[in-house]
Amino acid sequence: MSKVKKIPMFDNWGEFTLNPDFTAKHKYNEKLTVCGKSVINIPQVARKTRVRNTTIISHAIANNIAIPRQPKLQEGKIRGKSGESLFQALISGSIDMNEIEFDHDGWDFEVESSGVKVEVKTTAPEGGKSGNANLSQGDKPDFYVIFQFNNMGKFVNAYLVPVDIMKARTGKVPSTIKINDGSWVKWFEISLRDLQSFFELTKYYDHVFLNSNFIESGLRELRYPYALNEYRCNCETYGFDVAKLMNSSVGWWKSYIRLRASISFRNVPLVWCWAHK
């Protein structure tokens with residue numbers, strides 16, 4: 001039997017690679033061990049081994065080992081930290097704002113160079129239930145990144161949700177969104193590799209988020225030779241159709257960041273239309 005070709009994924013973790021089915025040398029049914037002890041209740045193992053629970057979680061993420069469902073009072077915090085560790089492992093230049101400011105309220109990470117503000121959410125629903133993501137930060141971040149795991153702790157999907165598009169649905173960011181097969185959030189599903197590529201791409205369009213200007217304005221038109229009419233909506237003078245964006249032949253996330261750059265250059269309103277969803 002030929003070996004399965006491995007896909008480099010977590011560049012920050014050196015030689016760690018993922019197979020196409022998100023397995024690695026450690027299988028998901030293999031128990032996580034720290035100092036020779038099996039991890040079931042992570043805080044309990046942390047107390048016994050004097051190994052920080054964040055270290056245990058980061059070790060599991062780095063080695064693609066599933067974190068089993070934790071006791072009810074701990075599940076949310078453990079799962080949330082696993083999502084944050086996954087984001088840091090994936091995205092080069094991600095700065096944990098909770099380590100910069102105590103009780104930071106607004107977003108979890110800022111990405112160097114672009115200044116993009118990201119709030120990371122993680123859900124691991126039991127059985128076939130819908131996943132729930134709490135968006136209590138509202139429109140403070142630029143993006144919500146949602147990681148979905150199954151009830152055994154195995155990674156399932158990732159979603160990259162631009163706040164400006166989401167807010168345009170009802171005029172505000174919802175407090176909670178459900179993630180299931182019929183949910184609008186499924187439109188924003190993204191592979192881990194494309195998620196990495198997206199944040200790399202934002203570095204080349206830093207003025208979109210940092211409001212900086214190029215010294216040579218003539219270069220901007222050459223840098224963004226983008227056809228805005230491709231995503232125009234018939235409903236608004238300056239409106240853009242979310243459905244057309246999602247059907248982009250080059251990938252919606254590429255089209256999104258280039259569209260925002262073009263709009264920023266032309267200094268016209270960016271209005272999203274969900275009427276044709």
Side-chain angles (χ1 to χ4, degrees), residues 9-13 18 22 42 53-62 64 66-67 70 74-125 130-150 153-167 173-179 183 185-186 188-203 209 253 256-257:
M9 192 65 65
F10 296 84
D11 295 337
N12 303 34
W13 295 93
L18 283 176
F22 296 105
I42 288 180
N53 55 32
T54 52
T55 300
I56 297 173
I57 294 168
S58 295
H59 172 75
I61 292 297
N64 199 33
I67 297 175
Q70 299 292 296
Q74 300 167 1
E75 168 62 20
K77 291 183 178 180
I78 296 294
R79 201 62 56 193
K81 190 60 185 179
S82 66
E84 293 172 8
S85 297
L86 177 55
F87 185 82
Q88 278 195 297
L90 284 168
I91 308 305
S92 175
S94 57
I95 303 171
D96 187 343
M97 295 307 296
N98 295 308
E99 294 183 355
I100 301 297
E101 300 177 30
F102 293 111
D103 300 321
H104 181 78
D105 180 28
W107 50 89
D108 291 318
F109 295 97
E110 289 184 11
V111 181
E112 288 182 317
S113 300
S114 65
V116 173
K117 300 184 287 291
V118 182
E119 179 70 15
V120 175
K121 297 296 181 180
T122 310
T123 180
S130 300
N132 292 315
N134 180 352
L135 309 187
S136 58
Q137 286 73 17
D139 59 3
K140 293 178 182 178
D142 297 307
F143 300 95
Y144 283 91
V145 171
I146 304 170
F147 293 119
Q148 184 177 15
F149 295 80
N150 66 13
K154 181 176 180 179
F155 173 79
V156 178
N157 286 318
Y159 303 91
L160 172 67
V161 187
V163 167
D164 59 328
I165 297 181
M166 174 171 52
K167 189 176 178 180
V173 175
S175 58
T176 304
I177 56 174
K178 288 186 178 296
I179 303 172
S183 173
V185 78
K186 296 291 285 187
F188 298 93
E189 186 175 329
I190 191 169
S191 71
L192 296 183
R193 173 166 287 179
D194 284 350
L195 188 67
Q196 287 180 307
S197 298
F198 174 83
F199 284 104
E200 283 298 315
L201 187 60
T202 60
K203 296 177 183 179
F209 300 99
W253 54 273
Y256 169 80
I257 195 66

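The figures here come from the full heavy-atom set of this structure, side chains too, leaving out hydrogens, waters and symmetry mates.
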Checklist entry - Got a sec: does the NZ of Lys186 have more than 12 other heavy atoms crowding it under 6.0 Å? => result yes
Next on the checklist: Please confirm whether the ring centroid of Phe87 lies under 6.0 Å from the ring centroid of Phe199.
Outcome noted: yes
Item to check | Heavy-atom pair with the smallest gap, counting every atom of Ile146 and Ala133 | outcome: CD1-CB, 4.0 Å
How far does [atom1] of [X] sit from [atom2] of [Y], to the nearest 0.5 angstrom?
{"X": "Leu195", "Y": "Phe147", "atom1": "CG", "atom2": "CZ", "value": "5.5 Å"}
{"X": "Asp142", "Y": "Ser114", "atom1": "CG", "atom2": "OG", "value": "8.5 Å"}
{"X": "Ile57", "Y": "Leu86", "atom1": "CD1", "atom2": "CG", "value": "12.0 Å"}
{"X": "Ser136", "Y": "Lys121", "atom1": "OG", "atom2": "NZ", "value": "4.5 Å"}
{"X": "Lys81", "Y": "Thr122", "atom1": "NZ", "atom2": "OG1", "value": "11.0 Å"}

Any side-chain heavy atom of [X] within less than 4.5 Å of one from [Y]?
{"X": "Tyr256", "Y": "Leu160", "answer": "no"}
{"X": "Asn157", "Y": "Ile179", "answer": "no"}
{"X": "Gln148", "Y": "Glu189", "answer": "no"}
{"X": "Met166", "Y": "Tyr144", "answer": "yes"}
{"X": "Ile42", "Y": "Gln74", "answer": "no"}

Next on the checklist: For Asp108 and Asn98: C-alpha separation, side-chain torsions, deciding distance, then whether side chain to side chain contact (heavy atoms under 4.5 Å, CB included) applies.
Outcome noted: CA-CA 6 Å; Asp108 291 318; Asn98 295 308; 3.5 Å; yes
Tell me whether [X] contacts the main-chain N or O of [Y] through its side chain, where contact means a donor paired with an acceptor under 3.5 Å.
{"X": "Gln196", "Y": "Ile91", "answer": "no"}
{"X": "Glu119", "Y": "Leu135", "answer": "no"}
{"X": "Lys140", "Y": "Trp107", "answer": "no"}
{"X": "Glu110", "Y": "Gly115", "answer": "no"}
{"X": "Ser113", "Y": "Lys203", "answer": "no"}
{"X": "Ser85", "Y": "Ser82", "answer": "no"}

Checklist entry - How far apart are the C-alpha atoms of Met97 and Ile95, what are their side-chain angles, what is the distance that settles it, and do they pass the side chain to side chain contact (heavy atoms under 4.5 Å, CB included) test? => result CA-CA 6 Å; Met97 295 307 296; Ile95 303 171; 4.3 Å; yes
Item to check | Single hit among Val161, Val116, Val163 for side-chain contact (heavy atoms from CB on, under 4.5 Å) with Phe143 | outcome: Val116
Next on the checklist: Tell me whether the rings of Phe155 and Phe149 are parallel (<30°), tilted (30 to 60°) or perpendicular (>60°).
Outcome noted: perpendicular
Checklist entry - Given Asp194 and Phe198, is the side chain to side chain contact (heavy atoms under 4.5 Å, CB included) satisfied, shown in steps? => result CA-CA 6 Å; Asp194 284 350; Phe198 174 83; over 6 Å; no
Checklist entry - How far apart are the C-alpha atoms of Phe109 and Gln88, what are their side-chain angles, what is the distance that settles it, and do they pass the side chain to side chain contact (heavy atoms under 4.5 Å, CB included) test? => result CA-CA 9 Å; Phe109 295 97; Gln88 278 195 297; 3.2 Å; yes
